[in-house]
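Positions are given from 1 along the sequence. Basis for what follows: all heavy atoms, side chains included, without hydrogens, waters or symmetry-related copies. In this text, all values refer to a predicted model and were calculated from it rather than measured experimentally.
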Amino acid sequence: EKMAGLADRVTAFVTSAGEKVVLLSRDKWWKLLISIIIDIIGVMTYLIPFLGEIGDIFWAPMCSLLLFQMYGSPLLSGIALIEEGLPFTDLIPTATIGWLCEFTIVGVWLGLNLAQTASSRPLRPNPRVQHLD
């Protein structure tokens, strides 16, 4: 019973955090700030030798999910998952590169057009959750 209560609290926390990220990422500058924070968290795993790479096992899918929710790009999300999951690649600022691809000419240079219509983004943290509407 305690584990079920803990699971419910974790689910509620993740859903709430995801909703906040989605809402904040509607603004261009908040999206940049969130992207930089995501990249800093990814780099922080280098601070603890060995344990940092274990931390990447948990951070890689979370980072990938956050980037998908913010940018709506399966390509960027997949790159983030691979980059965070591979050892010694955490220094690549994938989230910030995503922001640059969406809001600057960098996206055109790289052939990554992340800009989408306003009605198609931001995405829900969890499509099964109905309380955002």
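Across all their heavy atoms, A95 and D39 have their closest contact at N-OD1, 3.1 Å. When all heavy atoms are compared, the tightest approach of A80 to L67 is CB-CD1, 3.4 Å.
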Problem set entry | Test log, rule side-chain contact (heavy atoms from CB on, under 4.5 Å), inputs L100 and I105 | CA-CA 8 Å; L100 290 170; I105 194 77; over 6 Å; no
Problem set entry | Derivation and outcome, side-chain hydrogen bond (donor to acceptor under 3.5 Å, both in side chains), residues T89 and E83 | CA-CA 6 Å; T89 58; E83 179 257 322; 4.5 Å; no
Problem set entry | Test log, rule side-chain contact (heavy atoms from CB on, under 4.5 Å), inputs S77 and L81 | CA-CA 6 Å; S77 178; L81 182 67; 5.8 Å; no
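In this structure, Y71 and S35 have side chains that are in contact, with non-hydrogen atoms separated by less than 4.5 Å. Using a 4.5 Å heavy-atom cutoff, the side chains of L65 and P61 are not in contact. The closest side-chain heavy-atom distance from P74 to F68 is below 4.5 Å. When side chains are defined from C-beta on, L76 does not count as touching M70, because their heavy atoms never get closer than 4.5 Å. Contact check for T96 versus I38: no side-chain heavy atoms found under the 4.5 Å cut-off.
Note that CH2 of W59 is 10.5 Å distant from OG of S64, once rounded to the nearest 0.5 Å. Atom CD1 of I79 is separated from atom OG of S73 by 7.0 Å, given to the nearest 0.5 angstrom.
Looking at residues two or more places apart in sequence or on another chain, you find a ring pair (Phe, Tyr, Trp, His ring centres under 6.0 Å) between W29 and W99. D56 is linked by a side chain to side chain contact (heavy atoms under 4.5 Å, CB included) to T45, E53, E84, D90, counting only residues two or more places apart in sequence or in another chain.
The pair K31-E102 meets the salt-bridge criterion, with a side-chain N (NZ, NE, NH1 or NH2) lying under 4.0 Å from an Asp/Glu carboxylate O.
L86 belongs to a hydrophobic cluster whose other members, connected by ILVMFWY side-chain contacts under 4.5 Å either directly or through intermediates, are I82.
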